[in-house]
Amino acid sequence: MNHRDVKNPFLFEISWEVANKVGGIYTVIRSKAPVTVHEFGDRYCLIGPLNYATAAAEVEPEEVTNWSMKEILDGMSSQGIKWMYGRWLIEGAPRVLLLDTNSIIDRLDSWKTDLWNFAGIPSPPNDTETNDAVLFGYLVAWFLGDFVSRERNKAVIAHFHEWLSSVAIPLMRKRRTDLTTIFTTHATLLGRYLCAGSVDFYNNIDKFSVDEEAGKRGIYHRYCVERAAAHCCDVFTTVSQITAYEAEHLLKRKPDGVLPNGLNVMRFSAMHEFQNLHARNKEKIHKFVRGHFYGHYDFDLDNTLYFFTAGRYEYRNKGVDMFIESLARLNSRLKQSNSPMTVVAFIIMPATTQSFAIEALKGQAVTKQLEETVKDITDRIGQRIFEKAARYAGGNIQQAVMDPKELLTNEEMVLLKRRVIALKRGTLPPIVTHNVVDDATDPILTQIRRIQLFNDPTDRVKVIFHPEFLSSNNPLIGLDYEDFVRACHLGVFPSYYEPWGYTPAECTLMGVPSVTTNLSGFGCYMDETIENPSDYGIYIVDRRMKSVEESVQQLTNYMLEFCQKTRRQRINQRNRTERLSDLLDWKILGMEYVRARKLALHRAYPDSFVDDLDDGFDHYRPKIQRPPSALGSPRIRGSSFSVDDLTEQIEDLGIKMQNQGEEEEDEYPFPRIVRRRSRDSIR
Ligand code: G6P
Ligand code: 1S3
């Protein structure tokens with residue numbers, strides 16, 4: 001093994017979601033890019049798949065300037081491999097290498113055979129996802145193997161995300177590739193499958209026969225890849241404690257640490273700016289609601305609250321079942337108490353649809369016509385008032401002022417009546433905005449039908465299922481997701497399976513209170529970090545120690561309590577929520593990645609370090625020891641520190657990150673060094 005410089009290593013971060021949006025991992029890598037580029041500069045490169053449909057919009061091609069890389073990529077080209085190298089068009093503009101797995105498909109069978117021969121990992125013929133994983137894994141191992149044999153002076157860290165990108169880990173271990181590897185799993189395959197079924201997952205987590213359960217669900221081969229990666233990497237991490245616990249039982253390796261997901265926080269200089277954005281965007285939802293509920297628009301928008309849930313359509317895992325059940329109960333409670341409030345609850349989850357529902361489009365059309373007609377008429381009235389007044393030349397002033405009874409002409413009255421008549425409807429406002437392909441069996445629609453939340457005028461809770469992600473081009477709710485979130489009052493994410501959960505974290509950044517659970521990484525993190533999360537708009541439903549019924553009641557109570565707040569209380573709470581956003585900044589959470597990389601280097605190159613790292617699992621807590629700030633600012637649990645003080649601390653950390661290569665090696669309390677395992681042993 002070479003003596004490599006561990007102070008200025010190269011970092012490759014490998015994921016199927018590099019410049020390729022599939023789900024949350026894309027957000028992780030993309031939002032983290034600025035801090036990683038800040039730390040590594042040109043020594044940082046991301047590797048992902050070449051998806052021609054999106055690559056051109058995501059990446060600006062660029063000449064390969066690193067000579068070793070250029071030689072390797074030229075060599076790969078001569079063997080028919082297609083790739084793209086350039087800058088990812090995101091903040092930080094990191095370098096990316098995208099590899100086209102299809103261009104090397106003729107090697108698939110031989111690589112699968114190799115994978116079976118050296119690791120005993122099977123790969124059935126018709127699983128395209130696994131085929132991609134194998135092709136991508138072998139290409140990455142090829143590239144990195146060649147890279148470390150050319151770049152012999154600096155250490156190389158290869159950080160892999162999720163099983164799909166991880167085939168290279170056991171492969172490089174087998175080949176004794178001279179680099180260090182980190183594997184971060186953002187969920188476990190088996191955990192996700194088990195939770196989606198009707199299993200009491202968390203109470204039986206230590207009892208599952210993992211191979212058998214994976215086999216029963218047809219994912220044994222994928223599970224093998226994931227488990228091999230977890231065992232062959234130098235440092236194994238997950239995104240939350242709850243997933244660490246899950247990984248320990250299902251993948252049979254206790255993670256070395258937790259790397260919570262951050263966001264790229266950009267705060268407004270003054271609070272009122274995001275509050276104004278809320279009000280402005282809410283107007284656009286009001287507009288949609290007027291159209292959607294035409295003919296039944298009998299509630300007061302000033303006393304209407306917008307709740308929403310959003311994400312990948314995982315009915316049980318994302319807790320949509322619990323959300324809908326709790327909405328039904330909230331509806332009864334609001335009715336019972338004669339509450340003046342109306343709740344419009346949006347469910348934004350993509351399902352297979354054919355088109356927008358005619359009825360949903362019609363609502364927008366008839367209200368738009370009415371609005372245009374009213375505008376037209378009021379313009380003309382204005383003109384007439386002006387004309388009459390402008391002609392005043394003295395005498396009886398009454399003659400210059402229009403009689404209110406004469407404001408509308410007969411023709412205008414008729415036009416207005418025609419528009420109003422068009423608002424009559426014989427049906428209730430639809431609960432779904434699109435024609436869903438599996439309408440009769442769709443789980444969300446089925447549950448809404450069962451609990452009969454049909455947008456009846458007597459209902460205080462109205463439901464709108466929008467089975468498509470939002471965009472500003474949408475003819476119904478013409479808002480991008482971010483603007484939609486800003487417009488809402490409460491995000492509700494009562495997930496059962498949620499390794500991290502970006503949705504409530506994004507709400508926090510926008511100053512929108514949210515409901516999460518103690519089964520989500522985000523919920524646990526906030527619970528550990530803040531003294532009274534609900535004071536600051538983070539409501540945590542207990543889905544771990546309570547029965548389903550009790551959790552539903554708790555969620556209902558949270559929503560009811562929210563409905564009882566005054567506008568002023570809501571505004572104050574939004575301010576408090578927004579102030580938490582620094583807790584989620586990569587400038588702080590990125591320090592966990594720093595620790596993981598340091599541990600990886602220690603493990604691979606122990607002789608390059610003088611001291612051992614401290615022992616222990618996930619010791620990190622923000623070291624926040626500042627004097628108390630003004631009342632009303634959230635306090636960090638067990639500390640006198642308030643989130644107001646974080647801003648300065650972030651700047652300190654920024655400087656620290658920049659200089660981290662110069663710090664003492666034993667400064668980070670990450671787990672102990674384990675001498676590097678022999679490269680040919682696969683656990
Ligand atoms: C923001 C705006 C206020 C507005 C309020 C409505 O705070 O700056 O002008 O009154 O939103 O809040 P609400 O919770 O009723 O949507
Ligand atoms: C996973 O995506 P998901 O929605 O399938 O990874 C995300 C990023 O780490 C995480 O936020 C989420 O909880 C996981 O479930």
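Atoms considered below: every heavy atom in the structure, side chains included; atoms not considered: hydrogens, waters and symmetry mates. Order of listing sets the numbers, starting from 1, for every ligand and every atom in it. The residues of the chain are indexed from 1 along the displayed sequence.
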Any atoms of ligand 2 less than 4.0 Å from a non-hydrogen atom of V28? List them with their elements. 8 (C), 9 (O)
Which atoms of ligand 2 are found less than 4.0 Å from any heavy atom of P499? 13 (O), 14 (C), 15 (O)
Just go through [options] and tell me whose heavy atom is the nearest to [atom].
{"atom": "atom 8 (C) of ligand 2", "options": "I29, N261, T503", "answer": "N261"}
{"atom": "atom 15 (O) of ligand 2", "options": "E314, E162, R192, H161", "answer": "R192"}
{"atom": "atom 2 (C) of ligand 1", "options": "R567, Q275, K282", "answer": "Q275"}
{"atom": "atom 12 (O) of ligand 1", "options": "H489, R574, R570", "answer": "R574"}

Please list, in number order, the atoms of ligand 1 under 4.0 Å from a heavy atom of N276. 8 (O)
Just jot down the ligand 1 atoms closer than 4.0 angstrom to any heavy atom of I571, in number order. 5 (C), 7 (O)
Before you tell me yes or no, could you show the steps for Y245 and H249 under ring pair (Phe, Tyr, Trp, His ring centres under 6.0 Å), namely the whole-Å CA-CA distance, both residues' side-chain angles and the distance that decides it to 0.1 Å? CA-CA 7 Å; Y245 176 64; H249 288 290; 5.0 Å; yes
So which protein heavy atom does [atom] come closest to, and at what separation?
{"atom": "atom 7 (C) of ligand 2", "result": "G24 CA, 4.0 Å"}
{"atom": "atom 3 (P) of ligand 2", "result": "R312 NH2, 3.2 Å"}
{"atom": "atom 4 (O) of ligand 2", "result": "K318 NZ, 2.9 Å"}
{"atom": "atom 11 (O) of ligand 2", "result": "G501 N, 3.0 Å"}
{"atom": "atom 13 (O) of ligand 2", "result": "E498 OE2, 2.7 Å"}

For E17, which part has a heavy atom under 4.0 Å from ligand 2: side chain, backbone, both, or neither? neither
Using the rule given for salt bridge (charged side-chain N to carboxylate O under 4.0 Å, His left out), can you reason through E248 versus K252, listing the C-alpha separation, both sets of side-chain angles and the distance that settles it, and then say yes or no? CA-CA 5 Å; E248 185 182 350; K252 310 294 177 191; over 6 Å; no
Are any of the side-chain nitrogens in [X] or [Y] under 4.0 Å away from the carboxylate oxygens of its partner?
{"X": "R543", "Y": "E498", "answer": "no"}
{"X": "D582", "Y": "R579", "answer": "no"}
{"X": "E17", "Y": "R30", "answer": "no"}
{"X": "E129", "Y": "R222", "answer": "yes"}

N or O pair under 3.5 Å between I25 and ligand 2: no
Side chain or backbone, does H186 bring an N or O within less than 3.5 Å of an N or O on ligand 2? yes
Going by a strict under-4.0 Å cutoff (protein heavy atoms only), does atom 9 (O) of ligand 1 have a neighbour on the protein? no
Identify whether NZ of Lys or CZ of Arg in R316 sits under 6.0 Å from the centre of the six-membered ring of Y496 and within 45° of that ring's axis. yes
Could you label the plane-to-plane angle of the F346 and F288 rings as parallel, tilted or perpendicular, counting under 30° as parallel and over 60° as perpendicular? tilted
Using modelled atom types only, decide if a donor and an acceptor are shared between the side chain of Y193 and the backbone of I219 within a distance under 3.5 Å. no
Under 4.0 Å, counting heavy atoms only: does A187 come that close to any atom of ligand 2? no
Could you establish whether G23 and ligand 2 come within less than 4.0 Å of each other, counting only heavy atoms on the residue side? no
Can you confirm whether more than 12 heavy atoms, excluding those of K565, are under 6.0 Å from its NZ atom? yes
Please identify which of these residues, N331, L305, T342, meets the side chain to side chain contact (heavy atoms under 4.5 Å, CB included) condition with V461. N331
Side chain proximity check, T185 to E226, heavy atoms < 4.5 angstrom: yes
